[in-house]
Structures are given as structure tokens and as C-alpha cells.
Colleague: 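Please read through the structure below; I'll follow up with questions.
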Amino acid sequence: MDEKKKIIVTGGAGYIGSHTVVALIENGYEPIVIDDFRNSQKAVVANLEKITGQKLSVHAIDCCNEEAVRNLFASEKPMGIIHFAAYKAVGESVENPLMYYQNNLQSLVVLLKMVKEFKVETFVFSSSCTVYGEPKGAISVDEGFPIAKAFSPYGQTKIICEQIIEDFHKSHPEGKMICLRYFNPVGAHESALIGEYPIGKPNNLLPFITQTAIGKREILTIFGKDYDTPDGTCIRDYIHVCDLAEAHVRSIAFLEKQNRGLLDAVNVGTGKGTSVKEMVDTFEEATGVELKHQFGPRRQGDVPAIYANNEKMQRVLGFTPQKTIRDSITSAWNWEKYIHENESSK
Ligand SMILES: NC(=O)c1ccc[n+]([C@@H]2O[C@H](COP(=O)([O-])OP(=O)(O)OC[C@H]3O[C@@H](n4cnc5c(N)ncnc54)[C@H](O)[C@@H]3O)[C@@H](O)[C@H]2O)c1
């Protein structure tokens, strides 16, 4: 029997990482998770095992701990790395920038050292559309769009990480590497056993919607209703987390097939915009639950509309997202109900 190809998944117990672990297993890879659970629940591992019917290889190691990471690479000899582990809360990064620079940059440097030392063939990095900033007047953004000045230390870590990868690649041109620039990941696995688990007040719209609907938050405030958009509210590109997970598997498969090194950046989005009001309306319509909401003033820095030009993702990775906004909303709601049931039975 062929040995399965081992992929190190840092942050594999987190929101996007856990869905990617499922997608890797479904596609015949063997994920090896590095996650010290600083921002995730240990229960995720048991739930992943339930979904996949497989025992998982999970290592509670800090990615910044070079020696521990090296020991793992020496014993596993992976063919690929998907590097999710990082801090991601914009507000927290403004309050504590050094914590963000330390974790997000150092973990990347350690992983890149492993690429070189262990000749790891493929490397996929979690980047973000935040690298484009809040471009004035731009609606559909492609990868050629200029990298903007970051609004927050978090955003700045993504810009610097991409720069580090670019410099590293110049010194290691045989590396096959992709930076995936995610738009707005939403939704949960259809089993409702894994999903987004925001710590504190959610930064993202959909968890705020589901938390309000379940009664954890009093009311959803929609910031601004007089934007130059069809219904006056902001438009964003929401991509289902299972589609996003699949894009990682496609990236690894694409890189594997290349017979020389390369470095590229690819947007991962649906290519379609959905307004905040449409999200609220679809939530109410899909779940039958009335959502308490109100309109507030515009938020500083918000652009009226931005979504991905995902033509490169379709062309290079041969991948088109499959899920609808309704799928995202329904799965996120089922996940919120699952969390609620588990928390109330404790
Ligand atoms: N969720 C989004 O909206 C979004 C958008 C764009 C980009 N991203 C990026 O995608 C990646 C994954 O995001 P997510 O939403 O799954 O976040 P998450 O917080 O749910 O997952 C990150 C995981 O990494 C782990 N981790 C963090 N630092 C670690 C370290 N030093 N050692 C070991 N484990 C560590 C955490 O415990 C957590 O399980 C991040 O790099 C994030 O910046 C996320």
C-alpha cells in the first residue's frame, strides 16, 4: 500500500485548520496537527476523529519552539506544510502589537527553516485580503492589486509574512509555495461538530448574528445604511470554510505537480458580494428566527464594497467554490446551537 503523504497542519485545531484537516483526510493525505490549543478547544480533536473516523496525530507544541518543531519534522518527514497558526484578532493586535509580531512572524520563520532543513516540498501560507487594505473605489480585487499600508498590527503581520516568504524563496528557489489570501471565511462543517469558536466578542459578522440569535448578544448593530450600495449596507465576499479548506488541498495538489519551484499568491473568495442586510435577511429566512438588529453610524475605515476577483484561483487551482450563502448561514446556525447545547449541559 502507498504511504499517505504527510502534511503538517499548524493551527489544525483552529477554525480553518480543523476544516482543512477533514478535507485533507478526504483527499487521501495524512494531516499531522501542531496546535498548542492557546486559541482552540481540545474537544475539537475528538470531534475531528468522529467526523473522519480516524485517530489523529496531534502535537501540542508551540510553533515558535524551534527545537520541538524540529524534532517533530525529523520523525515525521512531511511532504507539505499548511501554516495556519497565528493570532488573528485585529483589536487585540492594536492593544498588544508585540504579541502579534512575536507569534505570527516567529512561527513562520521556524516553519520556513524546516522547509529548508527537511526539504519539505510544498508550503501553503494563510494570508488575508487585509493585505489590500481598504481600497477606495475598488470593488473586485485581483492579486495584482497593490499591497496597502496595514490598518492594524495584525494586518501588518500578514504583509510582513508574505515579504518574508518572498525573500526566503529567493534564497530557496526550489521551494513550491503559495500564499492564499482569504476573503471572509464563514460557516461550519455540515456535522455541526466543528466551526468558528470566537474568543470574547466576535470580530466577524456571522458569529455575531448567530450569537445574537441564540441570546448571547443583545442586538446586532449594522454599521451604516447610507453607503453607495443597492441596500445602503456594506458588501463583502463570504466564503464557506469548507470551500476554503478545499482550496488548501487543491493548492497542495497543484504544488506537488510542479516540477520546479515557484511562489504565488492566490485570492480565495467566491467572487460575489453579499451585503450585511442580505446576510441578516437570509439568516431570518433560512432559520425562521427573528434577529434583533439596529442601524448605527458608519464604522471608520469600512469601504462600501469589496470582493475577490477569483479568476486566478479557478485557473491555477482548478477550483470553484461550491457552497451558497444559505449553506454558510445554516451551517453556522447549527454550529451555534451545538455550542449552546454543550455549554448549557456543562
Ligand atoms: N478567520 C478569518 O477570518 C481569517 C481571515 C484571513 C486569514 N486568516 C488566517 O487564517 C489562519 C487561521 O485562522 P483561524 O480563523 O482558523 O484562527 P484560529 O484562531 O481559529 O486558529 C489558529 C490556531 O492556531 C493555534 N496557534 C496559534 N499560535 C500558535 C502557536 N504559536 N503554536 C501552536 N499553535 C498556535 C491556536 O491555538 C488556534 O487553534 C490565521 O493565520 C489567520 O490569520 C483568518
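Indexing begins at 1, ligand by ligand and atom by atom, following the structure's order.
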Colleague: For a distance cut-off of 3.5 Å, show me each N or O of ligand 1 paired with any protein N or O, plus the separation.
Modeller:
| residue | atom | partner | partner atom | Å |
| --- | --- | --- | --- | --- |
| ligand 1 | 15 (O) | K88 | NZ | 2.7 |
| ligand 1 | 16 (O) | Y15 | N | 3.2 |
| ligand 1 | 16 (O) | I16 | N | 2.8 |
| ligand 1 | 20 (O) | Y15 | N | 2.9 |
| ligand 1 | 28 (N) | N103 | ND2 | 3.0 |
| ligand 1 | 31 (N) | R38 | NH2 | 3.1 |
| ligand 1 | 31 (N) | D62 | OD1 | 3.0 |
| ligand 1 | 31 (N) | N103 | OD1 | 2.7 |
| ligand 1 | 32 (N) | C63 | N | 2.9 |
| ligand 1 | 34 (N) | D36 | N | 3.4 |
| ligand 1 | 34 (N) | D36 | OD1 | 3.3 |
| ligand 1 | 37 (O) | D35 | OD1 | 2.8 |
| ligand 1 | 37 (O) | R38 | N | 3.2 |
| ligand 1 | 37 (O) | N39 | N | 2.9 |
| ligand 1 | 37 (O) | S40 | OG | 3.4 |
| ligand 1 | 39 (O) | G14 | N | 3.3 |
| ligand 1 | 39 (O) | D35 | OD1 | 3.3 |
| ligand 1 | 39 (O) | D35 | OD2 | 2.6 |
| ligand 1 | 39 (O) | S40 | OG | 2.7 |
| ligand 1 | 41 (O) | F84 | O | 2.8 |
| ligand 1 | 41 (O) | K158 | NZ | 2.9 |
| ligand 1 | 43 (O) | Y154 | OH | 2.7 |
| ligand 1 | 43 (O) | K158 | NZ | 3.0 |

Colleague: Could you name each residue pair satisfying side-chain hydrogen bond (donor to acceptor under 3.5 Å, both in side chains) that touches residues 13-33, not counting sequence neighbours?
Modeller: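 Checked against side-chain hydrogen bond (donor to acceptor under 3.5 Å, both in side chains) - neighbours excluded - the pairs reaching residues 13-33 are Y29-E256.
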Colleague: Would you list the pairs meeting ring-ring contact (aromatic ring centres under 6.0 Å, His included) in which at least one residue belongs to residues 254-304, sequence neighbours left out?
Modeller: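 Residue pairs passing ring-ring contact (aromatic ring centres under 6.0 Å, His included), neighbours aside: F283-W333.
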Colleague: Does any pair with a residue in residues 164-178 pass side-chain hydrogen bond (donor to acceptor under 3.5 Å, both in side chains), and if so which ones, sequence neighbours excluded?
Modeller: Q163-D167
Colleague: May I ask you to decide whether K312 forms a salt bridge with E143, counting only side-chain N to carboxylate O separations under 4.0 Å?
Modeller: no
Colleague: Is K5 salt-bridged to E121, going by a charged N under 4.0 Å from an acidic O?
Modeller: no
Colleague: For the residue pair S40 and Y197, confirm or rule out a side-chain donor-acceptor distance under 3.5 Å.
Modeller: no
